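Structure record follows, encoded as structure tokens.
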Protein chains: 2
Amino acid sequence: MDNELSPAARERLLGAGLELLLQRGYHGVGVQALLDAAQAPKGSFYHHFRDKEDFALQVIDAYMAGVHGALDASLSDTSLPPLDRVRRFFDMVAQGYASDGYLGCLLGGLGQELSGVSPVFGERIDGCLTYIAGRLAQPLDEARVAGQLPADTDPQALAMLLVNCWEGAALRSRLSHDPAPLRAMLDFFFQAATRE
Amino acid sequence: MDNELSPAARERLLGAGLELLLQRGYHGVGVQALLDAAQAPKGSFYHHFRDKEDFALQVIDAYMAGVHGALDASLSDTSLPPLDRVRRFFDMVAQGYASDGYLGCLLGGLGQELSGVSPVFGERIDGCLTYIAGRLAQPLDEARVAGQLPADTDPQALAMLLVNCWEGAALRSRLSHDPAPLRAMLDFFFQAATRE
DNA sequence: ATCCGTCTAGACCGAACGGTCTAATGATGC
DNA sequence: GCATCATTAGACCGTTCGGTCTAGACGGAT
């Protein structure tokens, strides 16, 4: 059933969606362009997805699967100090941005474009960002307990702030085709948070 | 020629553009929707604007005119300490967001959506953000000289960082229909920058 | 062999898209 | 009055949009 060597149409479509939605946005990509990129006929698309909105939501799921992987890979290495693990996560994400040509973050892109149109997208993406912040809050709290952050730090709030500012830096990096805003933001943040 | 009481079609169109582009994005708004909102016929639109892209660029100009005003109003009051003047600027902008229903920043929205399509937009918006940062860099430098910021602070870099993180907070505020991310970001930033 | 559900295949649909065109209208300078 | 030019007005164009529909291909299970 699943042919490992040539992925099924559904996976090809999701892959094309990840690339094209990041590049051109939701309304900038027609269903036909997705079919062309994935070499799939229209019948396949509407067999696997209810409509374009359902497709985009599943593309977000696919994107988040990658984020989950990066979170697991970077945060699980307990040989590193907790703050280094957090920083490592963002370094991994930034590396992903680089290989896309600095197009920023899919969550930011779609969130910006679609939150005013359909509340479904806004809530979904807000939830994704909150989830990421939640994962990051744990090592931040470890760092607090270990005395690497001020004792009165609110790890959840700090994680939220970090994710939000990261999205802003990602947008700027997209506009300038330059990773510098990402690094500058992280440097400032970690220097500021740790300084007591 | 100019009728002050009922603005000319060009101004009505730009006004509708400011509102609709912020709400639904570039590809989410058709020319017809703009005509309906501005109560203008199609002939007017293509008389005043070369095409939809030219229109959007002029909407950005109109938006920046407002930003110029807010910059002038907030930064010129030299009776306030320089850092308070910067903070005041963002408070004014946040007030504008509130009256729109927390839809975030037009620059961020269009930048995110269009930078992957037409480089013209990306460069234009990047330039707008750089301009704003440049204006903010001046009071930041004043604050540095006055000893309210570390002596080795790079005001231009700090201003750029501030603007970028602000855009991220604005996106998040849009997603959650909530001004909290804006305030949290400013609080963290000013506390972090001033603490030596 | 045959049956059945999954998936592929693309013609086809009405609506909406951005953009063009010509005609009418209104104010201004002569 | 008359000519001029900016603006209004909307019918109209070809293309593309998201989405539907029917027909056939493929692969087990029986």
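In the text below, chain A, chain B and the rest are named by the order of the sequence lines, each starting its count at 1. All values reported here derive from a predicted model rather than from experimental measurement. Just so it is clear, the values below take in all heavy atoms, side chains as well, and ignore hydrogens, waters and symmetry mates.
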Only counting residues at least two apart or in another chain, list the ones meeting side chain to side chain contact (heavy atoms under 4.5 Å, CB included) with B/A143.
->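 Counting only residues at least two positions away or on another chain, B/A143 forms a side chain to side chain contact (heavy atoms under 4.5 Å, CB included) with B/P82, B/L83, B/Q148, B/L149.
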Sequence neighbours left out, what passes side chain to side chain contact (heavy atoms under 4.5 Å, CB included) with B/D178? Give chain and number order.
->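 Side chain to side chain contact (heavy atoms under 4.5 Å, CB included) check on B/D178 returns B/S176, B/A180, B/P181.
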Please, which pairs that meet ring pair (Phe, Tyr, Trp, His ring centres under 6.0 Å) have at least one residue in residues 123-156 of chain A, sequence neighbours excluded?
->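 Passing the test, one end in residues 123-156 of chain A: A/H68-A/Y131.
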Which residue pairs satisfy the ring pair (Phe, Tyr, Trp, His ring centres under 6.0 Å) criterion with at least one member in residues 147-174 of chain B, sequence neighbours excluded?
->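 Sorted pair list: B/F90-B/W166, B/Y97-B/W166.
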When every nucleotide of nucleotides 8-20 of chain D is labelled 5' to 3' by its protein contacts under 4.0 Å (heavy atoms), B for base, S for sugar-phosphate only, - for none, what sequence of letters results?
-> BBBB-----SBBB
Which atom pairs, donor and acceptor, lie under 3.5 Å between side-chain atoms of residues 16-28 of chain B and protein residues at least two apart or in another chain?
residue	atom	partner	partner atom	Å
B/Y26	OH	B/E53	N	3.3
B/H27	ND1	B/E113	OE2	3.2

Rounded off to whole Å, could you give me the CZ-to-C1' distance for the B/F55 and C/dC17 pair?
->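 Taking atom C1' of C/dC17 as the reference, CZ of B/F55 is at 16 Å.
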Which whole-number value in Å describes the distance from A/L35 CG to C/dC7 P?
->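 Taking atom P of C/dC7 as the reference, CG of A/L35 is at 17 Å.
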